[in-house]
Structure formats: structure tokens, C-alpha cells
Amino acid sequence: MSAQFPVARPRRLRRTPALRRMVAETTLAPADLVLPMFVKEGISEPQPVASMPGVVQHTRDSLRKAAHEAAEAGVGGLILFGVPAVKDGVGSAADDPAGIVQLALRDLKSDLGDATVVMTDLCLDEYTDHGHCGILTAAGEIDNDATLERYASIAVAQAAAGAQVVGPSGMMDGQVGVIREALDKGGYSDVAILGYSVKYSSAYYGPFRDAAECAPRFGDRATHQQDPANAEESLREVFLDIDEGADMVMVKPAGPYLDIVRRVRDAVDVPVVAYQVSGEYAMIEAAAEKGWIDRDRTIMESLLSIRRAGADITLTYWATEVAKKLR
């Protein structure tokens with residue numbers, strides 16, 4: 001740059017909204033957004049999630065309506081989390097053909113066709129009576145390899161019901177490779193895998209555990225989710241997942257880990273996804289309810305920051321609302 005003030009005046013391009021729009025370096029589009037949705041078995045009306053204002057546990061019928069609304073708004077995708085009526089030690093409902101997510105998948109496949117991408121969370125914590133992400137040993141520790149067998153079965157069940165993308169979120173070693181092999185052997189080689197490659201052991205997940213009813217009954221998930229102190233480890237996890245067949249990779253949470261989003265974006269040539277998690281959502285909603293922040297501006301700024309950091313796709317509970325505004 002050779003020109004200096006007073007010749008150089010960067011403010012010239014900030015004078016009007018139209019100028020700012022024209023030169024914006026980062027933009028959002030409805031297709032960049034994915035809406036997480038909770039569907040619960042055995043309820044007759046949607047159940048509000050107290051810690052996440054505006055979010056509900058859906059019935060099958062209300063899920064269909066909300067999914068249609070999201071697709072009409074142009075939202076890029078939906079990701080389903082199931083809350084079964086009965087839980088057990090191995091999460092039997094997770095791969096039951098008559099399980100709540102499989103039923104909901106068939107509903108959405110029938111209703112929406114290819115109007116939006118229908119994705120599934122692939123884990124066990126919503127389905128186990130102990131609330132952990134895998135099968136437990138007699139000592140109460142997660143058995144990584146036994147858990148992988150369950151993940152493989154769940155992946156095939158979700159694919160058979162209509163999932164276009166499965167998202168293994170349990171952070172078990174080797175999960176992507178085992179799932180890819182199971183899908184291919186089952187005749188579902190066209191089903192994509194979104195690797196939850198960088199999932200931190202985060203305090204920001206608290207409200208989600210209310211929505212999915214999956215808080216662990218003892219201990220925590222620090223033995224398999226990543227230590228918030230670590231960054232280099234993130235790239236190792238990402239490269240392992242890509243080597244095993246992940247089609248996309250995720251960083252979770254998003255806002256507190258924008259540095260990791262950027263590191264991953266600079267390192268890989270597959271789509272990078274970031275999850276704006278329940279705690280991020282709840283804090284903005286709570287502060288806005290108090291009148292401490294401008295809700296709409298804060299939502300948009302938070303999503304732009306995730307996009308600016310390098311995320312191609314963002315999971316956010318505001319997906320439908322924001323998509324409508326963008327259109």
C-alpha cells in the first residue's frame with residue numbers, strides 16, 4: 001500500500017449499508033446453516049427446553065412441521081437427536097428400526113425428499129441409562145472397541161431409514177473407519193460421514209444435556225472428548241478421521257474455539273463444519289432477555305465470526321430464523 005492519509009480513507013467504503021454490503025469479505029447464506037432438532041418418543045405435544053428458550057423436544061408431527069419450515073427457508077440441512085422412551089445399558093433404541101430417530105427419518109424422507117439434507121447424530125448418550133457415549137466395562141469405563149460395534153450397527157440403521165449424512169459424535173478412536181466399512185458393506189456407500197473430529201470436553205454443552213436428556217449419571221466425558229488446553233491434538237484427530245473416510249470434519253463448540261476452526265480450515269481440503277452449541281445459544285438468549293445486548297445483531301455477529309474463521313457450514317439453533325432473514 002502506497003497511498004496514505006488524507007488520500008487513503010478506508011471509511012469511504014463504510015459510508016452506507018449498500019457500500020458495506022458490496023465490499024463485505026464474509027457473507028452468510030441459508031444453505032450454510034444446519035438446524036439441530038430433538039425428537040422425543042411418547043409425548044403428545046412439543047416440550048419446551050427450559051435452558052434453551054425457543055427450542056423444543058418435538059413430537060413426530062411437530063418435527064415434520066418445523067422441518068418443512070426450515071426447508072422452505074432454505075436451511076441447508078437438519079440434524080436429528082433422539083430421546084427414546086426406554087433406555088438401557090447398550091442403547092438398544094439407537095439402532096432399533098422402530099426407534100424414534102429411524103421413524104422420524106422416514107417421515108422426513110417422505111415429506112422433504114431432497115429439499116434439504118437430513119443428517120443424524122450417531123452416538124449412544126441419548127439412549128443409554130447411564131448417559132455415557134459408549135458401552136461400559138464392569139469397572140464403569142468406556143470400552144472403546146465394543147462401542148465401535150454399536151456405532152456400526154447404528155450407522156446402518158440410520159442409513160436404512162433415510163439418513164443422508166451420519167455424524168458420529170462419541171469421539172471413540174477409530175469410529176469413522178468402522179462406520180465407513182459398515183455403511184459400505186451394507187450397501188450405503190453414498191451416505192456421507194460428518195466426523196465430529198474436534199469435540200472438546202466443554203462446559204458449553206450443559207443446556208443440550210437437558211434437551212437430549214443425556215447427562216452422565218456419574219463421571220464425565222473427559223476420557224474421550226478433547227482437552228480444551230490442546231490445539232495441536234485437534235489436527236491429529238482431523239487427519240485421522242479424513243484418513244478413515246470422513247467426508248466433512250467438525251469443530252465443536254464453535255465460538256470459544258475459532259482459532260481451532262481456522263487451523264483446521266487451513267489444513268484440510270474437505271468441508272469444515274462448526275457447531276454453535278447450546279451454551280453459546282443460551283447465553284445470548286439470556287443476555288438478550290435481560291436487555292443487556294441487542295439479540296438480533298449479536299446472533300448475526302456470532303455466526304459471521306464462525307464463518308469468518310473458516311467454517312463452511314454452521315450448526316445453529318437459529319438456523320431457520322436466520323435463514324428467513326437472509327432471504
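Residue numbers start at 1 and run along the sequence shown.
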Could you tell me whether a side-chain N or O of [X] sits under 3.5 Å from a main-chain N or O of [Y], the two making a donor and an acceptor?
X: Arg150; Y: Val90; value: yes
X: His58; Y: Arg60; value: no
X: Gln164; Y: Gly162; value: no
X: His130; Y: Gly89; value: yes

Just checking [X]: does its [atom1] atom have more than 12 heavy atoms from other residues, nucleotides or ligands closer to it than 6.0 angstrom?
X: Arg12; atom1: CZ; answer: yes
X: Arg236; atom1: CZ; answer: no
X: Asp269; atom1: CG; answer: no

Considering the options Glu321, Glu301, Glu289, which one meets the salt bridge (Lys or Arg N to Asp or Glu O under 4.0 Å) requirement together with Arg295? Glu321

Worked check of salt bridge (charged side-chain N to carboxylate O under 4.0 Å, His left out) between Asp312 and Arg265: CA-CA 9 Å; Asp312 301 292; Arg265 176 66 285 162; 2.4 Å; yes

Would Val166 and Val191 satisfy side chain to side chain contact (heavy atoms under 4.5 Å, CB included), going step by step from the backbone distance to the final call? CA-CA 7 Å; Val166 296; Val191 172; 4.2 Å; yes

Answer yes when [X] and [Y] have at least one side-chain N-carboxylate O distance shorter than 4.0 Å, and no when they do not.
X: Lys325; Y: Asp296; answer: yes
X: Asp266; Y: Arg262; answer: yes
X: Lys324; Y: Glu72; answer: no

[Y] and [X] side chains, donor-acceptor separation under 3.5 Å:
X: Thr59; Y: Ser62; value: yes
X: Gln226; Y: Tyr200; value: yes
X: Ser189; Y: Asp184; value: no
X: Thr137; Y: Asp143; value: no
X: Gln158; Y: Thr120; value: yes
X: Thr298; Y: Asp294; value: no

Please confirm whether Lys199 makes a cation-pi placement over Tyr275, using NZ or CZ under 6.0 Å from the six-membered ring centre and within 45° of the ring normal. no

Any side-chain heavy-atom pair from [X] and [Y] closer than 4.5 angstrom?
X: Leu148; Y: Gln175; answer: yes
X: Leu124; Y: Lys87; answer: no
X: Tyr257; Y: Lys252; answer: no
X: Val75; Y: Glu69; answer: no

Taking the six-membered ring for Trp, are the ring centroids of Tyr317 and Phe208 within less than 6.0 Å of each other? no

With side chain to side chain contact (heavy atoms under 4.5 Å, CB included) as the test, would you mind laying out the steps for Ile299 and Val322 before giving the verdict? CA-CA 8 Å; Ile299 290 170; Val322 170; 3.8 Å; yes

Yes or no on side chain to side chain contact (heavy atoms under 4.5 Å, CB included) for Asp173 and His224, after CA distance, side-chain angles and deciding distance? CA-CA 8 Å; Asp173 293 340; His224 47 289; over 6 Å; no

Point-to-point distance, once rounded to the nearest 0.5 Å, from CE of Met22 to OG1 of Thr16: 8.0 Å

Considering all heavy atoms of both residues, which atom of Ala267 and which atom of Leu235 are nearest to each other, and what is their separation? CB-CD2, 4.0 Å

Please evaluate residues Leu78 and Val34 with respect to the criterion side chain to side chain contact (heavy atoms under 4.5 Å, CB included), reporting the C-alpha separation (whole Å), side-chain torsions for both, the decisive distance (0.1 Å), and the verdict. CA-CA 5 Å; Leu78 317 170; Val34 171; 5.7 Å; no

